[in-house]
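Below is one structure; the comments refer to it alone.
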Amino acid sequence: MIPAIFEHLEEREICSTLEEVRNVLDKTVDGGNAFNICREQDAVYPFLSVLTRGEYAYIWYAPDESSAGIQAWGEDLGLDPEGTVRFYIPELTEICNDYILTREKALQVVLAFMELEEWPACYEEMPSCVEWEEL
C-alpha cells in the first residue's frame with residue numbers, strides 16, 4: 001500500500017496501513033467529514049474526494065484541472081431514488097441517492113487507489129470495485 005495524504009475537517013494526516021485509513025475515515029465532525037486524498041504533499045491534482053455522513057459516503061475523483069471529474073455510482077441501499085443525502089463540508093451539500101455508497105464501500109475504493117502505482121488519468125483506468133460515471 002502506497003501512503004496517501006488525507007486532509008479533512010480536523011487536520012491533515014498521512015496513512016499507509018488499513019488500520020490508519022479506517023481510523024481516519026471514522027473521524028467525524030457533527031456526524032460527518034470531508035476528505036481530500038492525494039499522494040504528494042503540495043499536489044493539487046489528482047485527488048480523491050470522500051464525503052461521509054453517518055454510514056453513508058459519496059466519492060468524486062479529479063484526475064486533473066481540465067476534468068469535470070468522475071463520480072462513483074452508489075449501491076442499492078434501499079434509499080428513495082428521488083431523494084438525497086445531506087453532507088456538511090462545512091456547508092450543506094446534497095447528493096442524489098443514486099451516488100450514495102456505504103462507508104465500508106468507500107473504504108474499499110480508497111484502499112484500491114492506495115494500491116495503484118499511478119492514479120488514473122482517465123475514466124477507463126478507474127478501480128473496478130465500483131462503477132464510475134464521467135462528468
Side-chain angles (χ1 to χ4, degrees):
M1 183 176 304
I2 301 170
I5 300 165
F6 288 67
E7 189 170 346
H8 54 93
L9 296 177
E10 291 187 323
E11 60 188 299
R12 184 180 194 145
E13 303 177 54
I14 297 175
C15 298
S16 58
T17 68
L18 168 63
E19 184 176 310
E20 290 172 345
V21 173
R22 187 180 296 278
N23 287 339
V24 168
L25 290 179
D26 282 345
K27 293 183 177 186
T28 62
V29 175
D30 296 327
N33 212 331
F35 301 89
N36 283 337
I37 305 166
C38 64
R39 280 267 173 86
E40 298 179 28
Q41 187 69 18
D42 293 316
V44 177
Y45 294 96
F47 74 91
L48 184 66
S49 174
V50 178
L51 305 181
T52 62
R53 184 90 192 147
E55 287 305 309
Y56 298 127
Y58 168 73
I59 298 176
W60 178 79
Y61 176 67
D64 57 53
E65 64 186 46
S66 65
S67 173
I70 303 166
Q71 65 186 353
W73 277 100
E75 301 172 81
D76 183 7
L77 301 175
L79 299 172
D80 176 1
E82 302 299 317
T84 61
V85 172
R86 293 177 174 186
F87 295 91
Y88 299 90
I89 57 169
E91 70 280 347
L92 173 66
T93 299
E94 292 190 43
I95 303 295
C96 176
N97 286 343
D98 290 340
Y99 302 101
I100 301 301
L101 305 162
T102 62
R103 282 187 29 205
E104 189 62 32
K105 181 58 84 171
L107 172 65
Q108 292 174 16
V109 172
V110 170
L111 295 174
F113 268 82
M114 292 177 71
E115 293 294 334
L116 298 172
E117 287 295 323
E118 288 188 39
W119 282 14
C122 63
Y123 171 81
E124 292 79 16
E125 299 172 356
M126 298 298 287
S128 62
C129 52
V130 293
E131 292 185 43
W132 298 93
E133 177 183 53
E134 192 167 19
L135 302 174

Quiz item: Would you say D30 has more than 12 foreign heavy atoms packed within less than 6.0 Å of its CG?
Solution: no
Quiz item: Which class fits the ring pair F35 and F6: parallel under 30°, tilted 30 to 60°, perpendicular over 60°?
Solution: perpendicular
Quiz item: Is a side-chain N or O of Y123 found less than 3.5 angstrom from the main chain of W132, in a donor-acceptor match?
Solution: yes
Self-check item: Residue pair I5 / I14, side-chain heavy-atom distance below 4.5 Å
Solution: yes
Quiz item: Hey, any chance V110 and W60 share a hydrophobic cluster, counting ILVMFWY side chains that come within less than 4.5 Å of each other, even indirectly?
Solution: no
Self-check item: L48-L107 co-clustered via ILVMFWY side chain contacts under 4.5 Å
Solution: yes
Quiz prompt | L77 versus I100, closest heavy-atom pair with distance | solution = CD1-O, 3.7 Å
Exercise. State, to 0.1 Å, how close C129 and Q108 come at their nearest heavy-atom pair, and which atoms those are.
Key: SG-O, 4.2 Å
Self-check item: Closest non-hydrogen atom pair between P120 and P63, with its separation
Solution: O-CB, 3.7 Å
Quiz item: Quick one: which of N33, T52, I37 gives a side chain to side chain contact (heavy atoms under 4.5 Å, CB included) with H8?
Solution: N33
Quiz item: Is L111 linked to V50 within one hydrophobic cluster, defined over Ile, Leu, Val, Met, Phe, Trp and Tyr using a side-chain heavy-atom separation of less than 4.5 Å?
Solution: yes
Quiz item: Do V109 and F87 share a hydrophobic cluster, counting only Ile, Leu, Val, Met, Phe, Trp and Tyr and linking them when any side-chain heavy atoms are less than 4.5 Å apart?
Solution: no
Quiz item: Taking atom OH of Y56 as the centre, does the number of heavy atoms from other residues, nucleotides or ligands within less than 6.0 Å exceed 12?
Solution: no
Exercise. Determine the interplanar angle of the Y61 and F113 rings, folded into 0 to 90°, and report it as parallel if under 30°, tilted if 30 to 60°, perpendicular if over 60°.
Key: tilted
Exercise. Mind checking the CD1-CD1 spacing from I59 to I70? Nearest 0.5 Å is all I need.
Key: 12.5 Å
Exercise. Check for a donor-acceptor pair, side chain of E75 on one end and backbone N or O of T102 on the other, with a separation under 3.5 Å.
Key: yes
Quiz item: Hey, what do you get for CG (N23) to CG (L18), rounding to the nearest 0.5 Å?
Solution: 9.0 Å
Exercise. Evaluate whether atom CD of E118 has more than 12 neighbouring non-hydrogen atoms of other residues, nucleotides or ligands under 6.0 angstrom away.
Key: no
Quiz item: Which is it for E7 and F47 under the side-chain contact (heavy atoms from CB on, under 4.5 Å) test, yes or no, and what are the steps along the way?
Solution: CA-CA 11 Å; E7 189 170 346; F47 74 91; over 6 Å; no
Quiz item: For P46 and W119, which heavy atoms make the closest approach, and how far apart are they?
Solution: CG-CB, 4.0 Å
Practice problem: Please say whether more than 12 non-hydrogen atoms of neighbouring residues, nucleotides or ligands are located less than 6.0 Å from CD in E94. | Solution: yes
Self-check item: Side-chain heavy-atom pair W73, V130 within 4.5 angstrom cut-off
Solution: no
Quiz item: Does atom CD of E40 have more than 12 heavy-atom neighbours, drawn from other residues, nucleotides or ligands, at distances under 6.0 Å?
Solution: no
Self-check item: Student check: side-chain heavy atoms of R53 and Y58 closer than 4.5 Å
Solution: no
Quiz item: What's the shortest heavy-atom distance between T28 and E10, and which atoms?
Solution: O-OE2, 4.0 Å
Quiz item: Roughly how far, to the nearest 0.5 Å, is OH of Y99 from OG1 of T84?
Solution: 13.5 Å
Quiz prompt | Nearest atoms (heavy-atom pairs only) where I2 meets L116 | solution = CD1-O, 3.3 Å
Exercise. Mind checking the CE-OG1 spacing from M1 to T17? Nearest 0.5 Å is all I need.
Key: 7.0 Å
Quiz item: Which residue pairs pass the salt bridge (Lys or Arg N to Asp or Glu O under 4.0 Å) test with at least one member in residues 99-108, sequence neighbours excluded?
Solution: R22-E104, D26-R103
Quiz item: Is the count of non-hydrogen atoms from other residues, nucleotides or ligands lying under 6.0 Å from E65 atom CD greater than 12?
Solution: no
Practice problem: May I ask you to check whether over 12 heavy atoms, not counting those of E82, lie within 6.0 Å of atom CD? | Solution: no
Quiz item: Honestly curious: do L9 and V21 fall in one hydrophobic cluster under the side-chain, below-4.5 Å linking rule?
Solution: no
